[in-house]
Amino acid sequence: VIISRERAHQLAEAVAALPPQRGCACGRNKLEGRTQAQTAEAMGISRKMVEQDIEAAQELCRQIRYRGRPLIEDPGAQAQLAHATACAWLSGALGWRAMWASAEKKNVPAAGPMAKMFASEQFLIGATILLNLTAPHSLSKQPGPAAFINQCYRHAHGTRIYGGTSEIHRSLIAEWALGMPRTRAK
């Protein structure tokens with residue numbers, strides 16, 4: 001489909017005005033002509049789970065009463081939600097950088113291990129923060145956001161193992177990006 005330069009410029013401006021996550025998805029889908037499935041694959045499934053975990057925590061924080069008001073109105077709760085959100089966005093950005101470096105054949109040493117390690121470590125930290133923030137509700141078996149937060153916390157531990165343990169990725173980063181000697185057995 002051919003569109004005018006003016007229309008392409010308008011679309012690019014509209015995408016730039018979107019929140020980063022939606023802007024990237026829209027840009028990949030509309031400007032690059034990718035299907036929704038290709039866009040989702042390129043953006044990473046695990047990131048989607050992190051985002052859903054944060055959305056579940058926000059919903060639960062709206063339901064939990066703290067000092068007579070919804071927990072989401074508490075500045076401390078807002079700071080913890082903001083921390084988890086920022087780490088999710090940064091994890092996504094590091095993943096995109098690794099995909100870009102690979103696709104463009106750029107020399108970015110250990111970009112993949114860095115992205116995987118940061119994302120899995122921050123997923124665990126964020127899941128722990130959200131579990132603690134919404135406890136005891138998130139520790140119960142009640143369905144809905146509480147159960148999903150609990151599930152994400154349990155799932156986050158596995159992300160540090162599959163795809164290579166975080167310890168192996170630390171070793172790869174030290175070796176490839178920092179030029180340190182190999183620490184793993186040959």
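Everything numeric here is computed off the predicted structure, so don't read it as measured data.
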>> side chain to side chain contact (heavy atoms under 4.5 Å, CB included) for Ile64 and His137? Distances and angles first, verdict last.
In response: CA-CA 8 Å; Ile64 296 172; His137 303 278; 3.4 Å; yes

>> Evaluate Leu130 against Cys152 for side chain to side chain contact (heavy atoms under 4.5 Å, CB included), listing each step before the verdict.
In response: CA-CA 10 Å; Leu130 299 178; Cys152 287; over 6 Å; no

>> Test side chain to side chain contact (heavy atoms under 4.5 Å, CB included) on Leu71 and Leu133; report intermediate values, then the result.
In response: CA-CA 9 Å; Leu71 179 58; Leu133 174 65; 4.1 Å; yes

> Should Leu124 and Arg160 be marked as a side chain to side chain contact (heavy atoms under 4.5 Å, CB included) after you check the CA-CA gap, both sets of side-chain angles, and the distance that decides it?
Replying inline: CA-CA 8 Å; Leu124 179 59; Arg160 299 176 68 215; 3.4 Å; yes

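The CD atom of Glu73 sits 13.0 Å away from the OH atom of Tyr66 when rounded to the nearest 0.5 Å. Atoms CG and CD, on Asp53 and Gln58 in that order, are 10.5 Å from each other to the nearest 0.5 Å. Between atom OG1 of residue Thr134 and atom CD of residue Gln80 there is a gap of 10.0 Å, rounded to the nearest 0.5 Å. The CZ atom of Arg97 sits 10.0 Å away from atom CG of Leu90, with the distance rounded to the nearest 0.5 Å.
The heavy-atom pair separating Ser138 from Ile149 by the smallest distance is CB-CG2, 4.0 Å. Here the closest heavy-atom approach between residue Glu59 and residue Pro145 is recorded as CG-CG, 3.7 Å. The two residues Gln78 and Ile72 come nearest to each other via the heavy atoms NE2-O, 3.0 Å. The two residues Ser171 and Thr183 come nearest to each other via the heavy atoms OG-OG1, 2.8 Å. For the residue pair Phe123 and His155, the shortest heavy atom distance occurs at CE2-CD2, 3.4 Å. What you find for Cys87 and Phe118 is that their closest heavy atoms are O-CE2, 4.0 Å.
Put simply, the side chain of Ser102 never gets that close to the backbone of Ala98: no donor and acceptor are under 3.5 Å apart. Counting only distance, with no hydrogens or angles, the side chain of Glu51 and the backbone of Ala88 share no donor-acceptor pair below 3.5 Å. With hydrogens and angles ignored, the 3.5 Å screen pairs a side-chain donor or acceptor of Lys116 with a backbone N or O of Thr159.
Taking a 6.0 Å sphere around CZ of Arg65, one finds it holds more than 12 heavy atoms contributed by other residues, nucleotides or ligands.
Side-chain contact between Glu175 and Met180 is absent, with no heavy-atom pair separated by less than 4.5 Å. A heavy-atom distance below 4.5 Å is not found between the side chains of Leu94 and Met114. Residues Pro113 and Trp176 meet the side-chain proximity criterion, which asks for heavy atoms closer than 4.5 Å. Put simply, the side chain of Pro70 does not reach to within 4.5 Å of the side chain of Cys61, judged on heavy atoms. Residues Arg69 and Asp74 are not in side-chain contact: their nearest non-hydrogen atoms beyond the backbone lie 4.5 Å or more apart.
Under the 4.0 Å criterion applied to side-chain N and carboxylate O atoms, Glu121 and Arg170 are assigned as salt-bridge partners.
Linking ILVMFWY side-chain heavy atoms closer than 4.5 Å, directly or via other members, places Ile161 and Met117 in two distinct hydrophobic clusters. When hydrophobic clusters are built by joining Ile, Leu, Val, Met, Phe, Trp and Tyr residues whose side-chain heavy atoms come closer than 4.5 Å, directly or via intermediates, Leu131 is grouped together with Leu81.
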